[in-house]
Structures are given as structure tokens and as C-alpha cells.
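Labels below follow one simple rule: chain letters A, B, ... track the order of the sequence lines, proteins then strands, and each chain is numbered from 1. Only this structure's heavy atoms are used, side chains among them; waters, hydrogens and symmetry mates stay out.
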Amino acid sequence: MSSQIPSFFSNDIVLHVEGIRKVYPNGVIANDNVTLSVFKGEIHAILGENGAGKTTLVNIIAGCIKPDAGEIYVNGKKVNIDNPRTATKLGIGVVHQHFILIPALTVIENIALSLDSGFKLDLNKVREKILQISSLLNLKIDLNARIEELPVGLRQRVEILRVLCQNANILILDEPTSVLTPIEVEEFFRILRNLKEKGCSIILITHKVKEALSISDRITIMRKGKVIKTLTPKETNEEELTLLIIGEKQNSEFISLTEGNNKNKEILLLVNNLNVKGDRGELSVKNVSFSLYSGEILGIAGVAGNGQKELIEALTGLRKPESGTIIIRGENVINKKPKSLIKKGMAYIPEDRIGRGVILTMSIAENAILKIFEENPFSNKTIMNRNSITDYTQKLMKKFGIIAPNPNIEVRALSGGNIQRLIIARELSYNAKILIAENPTAGLDVRATDFTHRMLLDLRSKGMGILLVSADLDELLKLSDRILVMYNGKIMKEFNRNEYDIYKIARLMLGIEV
Amino acid sequence: MSSLKLLGLYRALFAIILTFLITSIFFIMSNTNPILAYYYIFVGAFGNINLIIETFVRATPILIISLGLAISFRCKVWNIGAEGQLYMGAMLGTITAIVLGESYFTFPIAFIMSLIGGALWASIPAFMKSKLGINEVITTFLMNFISINFIQWLLAFPFKSPETLFPESDRIPNSSILPILIPYTRMHLGIIIAFLLILPLIHFIITKTTFGFKLKAIGENPEAARYAGIDVEKILFLALVISGALAGMAGFIEVAGIQFRMRPTISPGYGYTGIVIALLGQNNPIGIALASIFIAAIINGSSTMSRMLNQPQGIVDFIQGLLIIFVLASDYILKYMSRRGLIKL
């Protein structure tokens with residue numbers, strides 16, 4: 001792929017978009033006169049809040065969406081990218097925020113699918129190609145693993161390999177680090193630098209200011225569909241960028257978090273010697289024991305794929321544990337169905353907002369009452385009361401700042417931040433005492449993240465017990481009263497707030513005993 | 001919401017237009033004027049009051065079946081076994097009616113037994129689906145052959161009427177026969193039951209009840225539904241059983257309104273036609289009512305057309321097959337066109 005491209009940095013513009021405009025049928029101006037250039041061999045970050053129009057721009061360049069106006073030039077030539085295939089042929093490869101891999105197929109098969117290999121499927125040839133590229137970039141991956149068995153970080157690596165195998169030399173990555181743990185991010189950045197050295201141009205869509213500063217050669221800031229400014233990291237800093245991203249706003253909007261006190265605690269959730277099997281039948285959660293108190297945030301730190309998912313699913317009734325006890329307020333709830341756990345006061349903010357958190361093709365109102373529709377006044381157990389549902393949702397939208405014209409809009413029209421607000425609103429719709437938050441700010445922008453953090457702290461002060469499972473160590477350090485480090489299905493160690501040590505925790509996350 | 005309903009309408013109309021266009025090619029190839037053919041189909045279905053009633057007579061069983069199928073299709077349970085469920089319901093209803101003889105209770109009890117017959121037969125694949133995770137498309141479909149052959153045997157031996165030469169049951173008691181509402185026509189009470197009782201009832205269940213809400217939630221995202229505390233397996237089971245019960249009811253109404261005896265030919269594939277109608281009606285009861293009248297009209301009208309123009313009646317199956325294909329394809333095509341900005345949805 002990259003062998004034809006000279007590996008020195010040159011100022012050749014490989015991709016140029018001019019005056020891109022896109023208005024969605026619901027009147028949202030997603031892109032307004034967007035103009036930007038990408039040089040050969042540069043990492044170009046596009047920085048902006050959720051809903052700033054970054055993803056729309058990516059989709060236009062990738063040929064998934066037709067712009068209303070504007071031109072695209074690749075290698076100086078004007079092109080008409082009318083479908084994703086054209087984009088691929090032009091050497092544009094996109095790794096979307098939501099991966100497009102087939103879970104039941106292996107890594108090789110998934111990559112082979114996206115290559116034009118003619119009539120005969122020659123997996124060995126595909127394997128050779130993948131190995132060639134992956135060794136060039138020092139990317140390690142088990143080619144025979146099925147996608148569903150891989151943690152998110154590795155799935156992303158497969159996505160990157162897939163587009164590289166399609167000979168992409170312009171790589172667009174949409175919020176790539178939102179699913180990665182800090183250590184994975186470092187590894188991921190190493191890959192990006194490698195790619196850059198090989199002459200690839202990389203467009204990095206992100207809302208994380210720090211990352212944009214640390215990795216990119218140039219940064220373009222987008223806000224409300226417009227390009228605000230393009231800068232190099234040297235001529236700017238974190239504060240300036242943050243201001244450019246959010247526009248006119250007072251700093252007081254963003255809280256600083258302080259340690260709260262949590263006396264007169266009550267044990268809400270007691271987990272004892274819990275063993276849970278994963279999808280492949282392997283033991284994923286091994287003899288895990290902990291207790292969650294009222295009015296505290298208990299963090300679970302760990303690299304994705306170390307049993308957190310299985311632990312959460314066992315706690316929420318979605319997966320049957322092998323052995324152990326889960327006691328909620330004195331009652332063993334092991335093997336109980338989700339509904340009875342919900343009745344016992346268990347709330348859950350899932351990481352997979354799209355797949356598990358909401359039903360995209362149903363309305364905001366229908367999603368808002370998804371857990372309480374059998375209660376008064378939404379229904380009398382049998383017959384639904386649409387009016388009270390609509391009224392309730394309208395109030396909820398106001399209270400939680402969910403922005404949409406009306407409660408009957410389908411959820412798929414909402415931005416990621418609004419969807420998260422909706423999920424939080426719903427999880428607080430019944431008097432839950434225990435909240436399991438699974439990477440609650442993954443993929444959210446500064447403001448939505450701040451909203452989520454405030455919400456969690458507010459709930460803590462109201463006496464809720466919160467289990468915060470996060471791959472974002474900063475988030476855990478900031479919010480949790482205690483941190484449990486999980487590695488390979490086991491709890492390695494518990495840290496109290498006064499003994500937090502980022503290096504110790506990070507090393508334990510990697511299984512290195514301290 | 002409204003744009004979605006509109007999409008459903010577009011989809012159905014789009015499929016119907018495409019089907020007629022393709023069918024026209026075949027009419028032209030056999031030297032027949034397609035306009036004339038469609039004219040005769042229309043006249044054959046709606047030409048006079050008697051023909052209109054016959055169209056409704058035809059629409060009745062397929063309406064009831066497809067309303068049931070809509071319930072299971074809404075939660076993405078693909079019940080292909082309505083045909084077999086219809087036979088089991090009709091058979092159990094008929095046997096009950098014959099055993100009870102003349103009485104006030106004969107019809108209601110036989111009617112309920114027909115629901116139970118269809119429901120029980122559907123409960124077997126429903127159990128396999130919800131407890132064992134076995135694909136219902138295969139089980140429901142294959143069970144059709146079991147039930148139809150089983151009933152042929154029942155009618156040929158244990159329940160064969162001594163009065164006739166054919167493999168058919170005794171005539172059901174007069175008190176279990178659905179009354180004719182307009183003399184000298186086949187306008188029986190079952191038509192009213194289907195259009196004025198079952199149709200509004202299913203519409204109510206789908207749009208206004210928590211059960212209908214659960215069906216939709218599961219159909220759109222079973223993972224989210226399970227996480228929200230909905231007992232997904234239970235609802236899948238119920239949906240399949242309810243659709244079986246309605247198919248059974250359709251069978252018995254056919255016996256009690258038209259045939260008066262259980263026969264192995266009682267359904268010319270209504271269970272499969274119901275699938276076409278549920279798809280064409282987008283699992284929406286109103287759409288399904290329109291679609292069942294439309295398909296009934298094509299079935300009835302085609303026989304007139306075939307007599308007038310000397311064309312094969314098999315055109316009915318041809319049209320139904322094309323409709324399925326185009327309803328399924330139209331979704332894709334319309335969305336594609338809208339994404340490209342060719343049409344506005």
C-alpha cells in the first residue's frame with residue numbers, strides 16, 4: 001500500500017474539501033461552508049463537540065451521505081464521491097465510530113469481505129496481505145479469532161487493518177479513542193505515528209483536546225457545522241482550544257469535583273465469590289467479591305475485556321453466573337431476571353448506547369418509559385396512556401436538557417450526547433438505589449461528559465450506590481471513592497481515595513503485581 | 001411517526017405498481033391486453049353486489065390470519081405455519097361442534113376450541129423458539145406438512161362421514177353454523193366478526209396496550225428490551241401462540257360460514273397468503289385490512305379474467321410472489337432513493 005508513496009513529508013494536498021454544506025431533512029444544518037485541506041503524511045485532527053458536524057463531514061467524504069453543495073478534491077483532482085466504493089477506490093478509508101464488522105466471522109474473513117478478491121476466496125492470500133501490513137506497522141492480532149470474541153480495542157485494530165488492506169492512504173478515524181483504555185490509546189497513537197511515517201494522511205475526528213494536542217500536526221476546530229479555525233499544536237494550548245470548541249461560555253458551567261463524605265453507609269450490594277463464564281465458555285469473572293455502599297462511587301478500573309462486561313451482565317441479570325452470591329439489601333438475587341432486579345432498585349447505564357441503551361427506531365417517549373410503562377400513570381398494566389407518556393417525556397426532556405422538537409421524534413435523530421441524557425433520565429425514572437454505569441462518557445463531548453459526571457455526583461450525594469466501570473482512568477480518579485482494579489477476571493486490589501496512585505493502578509490493570 | 005406511516009404506504013403502493021408492471025409483460029407475451037386483464041380482474045371482484053360480497057367472503061379468513069401474523073411479525077417471529085395452525089383449529093372446532101350436537105353452547109365452545117387448536121399447534125414451535133432457541137421459520141413451516149397430512153388421515157378414517165364418498169367430516173350441527181346476513185348470498189356473520197370485531201381488537205392490542213408496546217420493543221431491539229426488563233422469551237412465545245390461535249379461528253369460521261364440513265381442502269393456502277398480506281400491510285391492522293381485500297379481489301377477479309381472456313388462473317400465485325419480493329425490496333429501494341435525494345420521505 002504505502003510503498004508507492006514517498007515517505008518524506010511534503011506539502012502536497014491529498015484531500016481538499018471546499019464549501020461543503022449539508023442540511024438534514026429535519027432542518028439541522030450539519031455542515032455549513034466547510035473548507036479544509038489535508039496534507040500528505042500529516043495527522044489532521046478535527047476537533048469539536050457532539051453535533052458539531054464532524055461525523056457528517058466524514059460521511060460525506062466517505063460517500064455515505066450526499067452533500068447539498070461543495071466540492072471534494074483528491075490529489076488535486078475534483079472527484080464525485082457518490083458511494084462508499086468510490087471513496088475506497090480513491091484511497092479513502094474510514095473507521096467509523098460504530099464498527100462495521102461481522103461478529104460471527106473471523107478477523108481474516110472480515111477483512112477478506114471488504115477486498116475485491118474475485119470469484120475464488122483465497123484466505124491465504126488475504127492472510128499474507130494482512131500479515132505484511134500488520135508486521136510493517138507492528139500490529140499484533142490473532143487473525144483466526146472471531147470478532148465477537150475480541151475486546152473493542154482489538155476490533156478497532158481490525159477495522160484499521162481492513163481499510164489499510166484496501167490500500168487506503170487517506171485514513172479517517174471517527175472518535176477512535178473513545179473506546180480505548182489509556183494504555184490502548186498509547187499503543188494506538190504509536191500505530192498512527194507509524195502510519196504517518198509510511199506516508200499515510202490521517203484525519204482524526206475527536207472531541208478530546210489533550211489527544212488532539214499530543215498527536216496531530218494540525219488541528220481544525222468545528223462548531224455548529226462551521227470550521228472555526230485551523231491551528232498547529234505549537235501555536236495553541238488546551239484552554240484556547242476548549243474555548244474555541246465550546247464557544248462563548250462561562251467557566252463556572254464546568255464544575256470541579258471535590259471529595260464528598262459518606263458517613264452512615266449502608267451496604268446496598270454485596271457480591272461474594274462470583275464466577276461468570278464468558279461467551280466462549282471460559283471463566284471471565286473469577287471469585288469476585290466486593291460490596292457497594294450507599295452514597296459512594298465505587299470505580300472498577302481495567303483494560304476492556306478483563307471480565308467487566310461479564311460482571312456487569314451478571315449483576316444486571318443479563319447473564320447467568322456459574323456460582324457465587326449477589327445480595328441486594330439482604331436478598332440473594334443470583335439468577336434473577338432483569339425485571340426483578342429493576343424492581344429491587346438496580347439501574348444500569350450501558351456502554352453500548354445504540355445496541356442496548358435505546359431502541360433507535362422508537363420515539364423518545366417510548367424509550368423514556370421503557371422501564372416503567374407498566375406503572376401508573378403510563379398504563380394500568382394493560383392499556384397504555386399516551387397522553388400521560390407524552391406529558392411526562394416533555395417534562396423529562398426539559399429537566400435533562402434533551403434537545404428535540406417533540407417527544408415523538410425517533411431516537412435515531414438524536415446526537416450521542418442527547419441519547420445519553422435520555423438513558424440517564426430513564427434510569428432515574430424509577431427509584432433505583434444502585435446504579436451501574438458502564439463507560440458512561442465514552443464518545444461524549446466535553447459538555448455531555450460534564451453533565452454525566454455532575455449527575456453521578458449528585459446521585460451519590462443523594463445516597464445512591466454507584467458502580468462506575470470505566471476504561472477512562474482520569475474519570476475514575478476524579479469521581480470514585482474507592483477503586484477496584486480488575487485484571488483477567490480477578491479483582492487485583494482495592495484503593496481508597498487517599499491511596500490513589502495512577503502508576504500503581506495502571507500497572508495492576510496490566511496484571512503487573514506491585 | 002407520520003413520515004414512517006407514509007413510508008409504509010409508499011412501500012405498498014410501490015410494490016403493487018411494480019407487480020402490475022411486471023405482470024403486464026407476461027400478459028403481453030401471451031397476446032393479451034394487460035389493461036383489459038386488470039379490468040376483468042376488477043369487474044370479477046367488484047362488478048356487482050354479489051361479487052363484492054364474495055370478495056369479502058374470500059378476504060375474511062386471510063384477514064384473520066394476517067392480523068395474527070402481524071402480532072408475531074411485529075416482534076420479528078416469523079410464523080410460516082399459519083396454514084397448519086388453521087387446519088388444526090378448524091379440525092378441533094369441527095370435532096367439538098359434532099360431539100356437542102345441537103345446543104346453544106355448540107358454537108361458542110367450538111369457536112373457542114378452534115382458537116385452542118391453533119394455539120396448541122403453534123405452542124410447539126413457540127416453545128422450541130423461546131426455550132431452546134430453535135429457528136421458528138423452519139419448525140412452523142415443516143409442521144404445516146405434519147398437520148395437513150395428519151388431518152387428511154383423520155378425515156379419511158376416524159372422522160370420515162359415512163354419508164359421503166370423500167374424505168370429509170360429518171356436517172356440523174345447524175346451531176354451530178354462522179347465520180347468513182343477506183339472503184341468497186354467502187354474507188355470513190364471520191365476515192362481521194372479522195372486520196368489525198377482530199380487526200379493531202388487534203388494532204387496539206397493537207397500538208394501545210403494554211403487550212403491543214412490548215412486541216414493538218422486542219421487534220426493534222431485543223437486546224434493549226431484555227435489558228429494560230421485558231421478558232423477551234415469554235412475549236415471543238405468546239406472540240406465536242396468539243397468531244396460531246387466530247389462524248385456528250380463521251379455519252373454523254371457514255367451516256362454520258362456508259363449508260359446513262371439515263375438508264382436507266379447506267384452505268387453498270390461506271396461511272401463506274396471510275404472510276403476503278401481513279407484509280403488504282406492513283403489520284399495520286388497517287393496512288392489513290386493505291391488503292386482504294386487495295388480495296381477495298385479485299384471487300376472485302382472476303377467475304373471471306381467466307374465463308374471459310382464456311388466461312391461466314395461476315396468475316394469482318404469480319402476483320402474490322411478486323408482491324412479496326417487491327414489498328421486501330421496496331424498503332431498500334425507497335430508502336436508497338431518499339438517501340440519494342431523488343425523493344423526499
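- Contacts between A:Ile423 and chain B at a heavy-atom distance below 4.5 Å involve the side chain alone, from C-beta outward.
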### Test side-chain contact (heavy atoms from CB on, under 4.5 Å) applied to B:Lys214 and A:Glu374, step by step
CA-CA 10 Å; B:Lys214 288 180 194 171; A:Glu374 283 181 298; 3.1 Å; yes
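- Neither the backbone nor the side chain of A:Lys343 comes within contact range of chain B; no heavy atoms are under 4.5 Å apart.
- If you measure heavy-atom distances from B:Ile205 to chain A, you find no contacts under 4.5 Å at all.
- For A:Asn367, no part lies near chain B; criterion is any non-hydrogen pair under 4.5 Å.
- Closest of all the heavy-atom pairs between A:Leu370 and B:Ala217 is CD1-CB, 4.2 Å.
- Around the CG atom of A:Asn431, the shell of radius 6.0 Å holds no more than 12 heavy atoms that belong to other residues, nucleotides or ligands.
- Chosen from A:Pro350, A:Gly355, A:Gly357, the residue pairing most often with chain B at heavy-atom distances under 4.5 Å is A:Gly355.
- Heavy atoms closer than 4.5 Å to chain B are found in both the backbone and the side chain of A:Ile383.
- Proximity to chain B (any heavy atom under 4.5 Å) is shown, for A:Thr316, by neither the backbone nor the side chain.
- A cation-pi arrangement is found for A:Lys371 relative to B:Tyr227, the charged atom lying closer than 6.0 Å to the ring centre and inside a 45° cone about the ring normal.
- Distance CZ/A:Phe373 to OG1/B:Thr209: 9.5 Å, rounded to 0.5 Å.
- Annotation: the span from A:Leu360 atom CG to B:Glu220 atom CD amounts to 9.5 Å, rounded to 0.5 Å.
- Shortest non-hydrogen contact noted between A:Pro338 and B:Gly229 is CB-CA, 4.0 Å.
- Contact annotation for A:Leu318: only side-chain heavy atoms (C-beta onward) come within less than 4.5 Å of a heavy atom of chain B.
- For A:Glu427, the part lying under 4.5 angstrom from a heavy atom of chain B is the side chain only.
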#### Entry: From CA spacing to verdict: side-chain contact (heavy atoms from CB on, under 4.5 Å), A:Lys337, B:Arg226
CA-CA 9 Å; A:Lys337 288 192 170 173; B:Arg226 177 171 289 119; over 6 Å; no
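- With chain A as the partner, the residue from B:Asp231, B:Thr210, B:Asn221 showing the most heavy-atom pairs under 4.5 Å is B:Thr210.
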### Message
With side-chain contact (heavy atoms from CB on, under 4.5 Å) as the criterion, how do A:Met384 and B:Lys208 come out once you've worked through the C-alpha distance, each side chain's angles and the decisive distance to 0.1 Å?
### Response
CA-CA 5 Å; A:Met384 312 269 286; B:Lys208 295 279 193 291; 5.7 Å; no
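- Taking CZ of B:Phe213 as the start and CD1 of A:Ile369 as the end, the distance is 4.0 Å to the nearest 0.5 Å.
- Few gaps surround NZ on B:Lys76; more than 12 heavy atoms of other groups in view lie less than 6.0 Å from it.
- Between B:Ala224 and A:Val358, the shortest heavy-atom distance links the atoms CB-O, 3.8 Å.
- In this structure, A:Lys66 places its NZ atom where only 12 or fewer heavy-atom neighbours from other residues, nucleotides or ligands lie under 6.0 Å away.
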